[in-house]
Amino acid sequence: MSTIQLVTEANLPTEFGLFRIVGFEFPDTKKEHIALVMGDVAQSEEPILARIHSECLTGDALHSLKCDCGFQLAAALKQISEVGKGVLIYHREEGRGIGIINKIRAYSLQDQGMDTIEANLALGFAADERNFNVCADIFNLLGVKKVRLLTNNPQKIETMKQAGINVVERIPLNVGENRYNTEYLDTKAKKMGHFIIHNGHKHLMDCPYCQEEVPKK
Ligand SMILES: Nc1nc2c(ncn2[C@@H]2O[C@H](COP(=O)(O)OP(=O)(O)OP(=O)(O)O)[C@@H](O)[C@H]2O)c(=O)[nH]1
Ligand SMILES: [Zn+2]
């Protein structure tokens, strides 16, 4: 497979301020990803505030309460705008890589009692089909080598580190918890090792990053 290319960019005024929207594409498959960039991020000595946000049409655009995605998207853009500099990669891997129609199929199975992982497996997919390597390639194309990553997902940190992106800090992104996504967040914490805080209690999983994340009393 070819490597992703930066193909075009433009100004994008948003309710969180003025960003540059940068378009990336794989020449062979035409698979697209985008990044929102605020300020001068290339070749910075300082770590850049960054978010890898996986596409969630239902949460990001359709106001779904079944997940935390829309809340995380808004919170990440707000934090970047407060710093005045940063990158949000909009990683076009809808439904953890299974696509919107299969995500609806998974939701249908969840309506019948399955959790997010059980539903994915019942449909013949892995629990998470995403590949975050392309995000490291996008950081490199933007000249970003050192990041403070807004995430609760240890896999994103691990993949960036393995791909040579220096993750100097993880910034938690615990927003949007509600009665419809409690189980979803619980499954992420208990079965996927994500750092999720519920009611002040942190799920400490068997994960190398947990120890540095224990909240101070
Ligand atoms: N297959 C599937 N995907 C889902 C479901 N709910 C949300 N998603 C997708 O999950 C992705 C977001 O992943 P999450 O696991 O919530 O969070 P993350 O991006 O890994 O981690 P954070 O950086 O902490 O947000 C998006 O692509 C959503 O479309 C679901 O029930 N089934
Ligand atoms: Zn979502």
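Whatever order the structure lists ligands and atoms in, that order sets their numbers, starting from 1. These figures come from a predicted structure and were not determined experimentally.
Using a 4.0 Å cut-off between heavy atoms, Glu55 contacts ligand 1 through its backbone alone, with no side-chain atom that close. Proximity of Arg96 to ligand 1, defined as any heavy-atom pair under 4.0 Å, is shared by backbone and side chain alike. At a 4.0 Å heavy-atom cut-off, ligand 1 touches Glu93 through the backbone alone. Of all the heavy atoms of Arg130, the ones lying under 4.0 Å from any atom of ligand 1 belong exclusively to the side chain. With a 4.0 Å cut-off on non-hydrogen atoms, Tyr107 touches ligand 1 through its side chain and not its backbone.
Close contacts between ligand 1 and Asn152 involve ligand atoms 22 (P), 23 (O), 24 (O) [criterion: under 4.0 Å to a heavy atom]. Interface of Ile98 with ligand 1, defined as ligand atoms under 4.0 Å from a residue heavy atom, comprises 1 (N).
Listed by chain and residue number, the protein N/O/S atoms under 2.8 Å of the Zn ion (ligand 2) are Cys56 SG, Cys67 SG, Cys69 SG, with waters left out.
Using a non-hydrogen distance threshold of 4.0 Å, Leu173 does not register as a contact of ligand 1.
Taking the centre of each ring, His91 and His33 come in below the 6.0 Å mark.
Of the options Arg170, Arg51, Met192, Lys66, the smallest heavy-atom separation from atom 22 (P) of ligand 1 is shown by Arg51.
Salt bridge status for Asp186 with Lys191: absent, with no side-chain N to carboxylate O gap under 4.0 Å.
Taking atom 4 (C) of ligand 1 as the reference point, the nearest protein heavy-atom neighbour is Lys103 CD, 3.7 Å.
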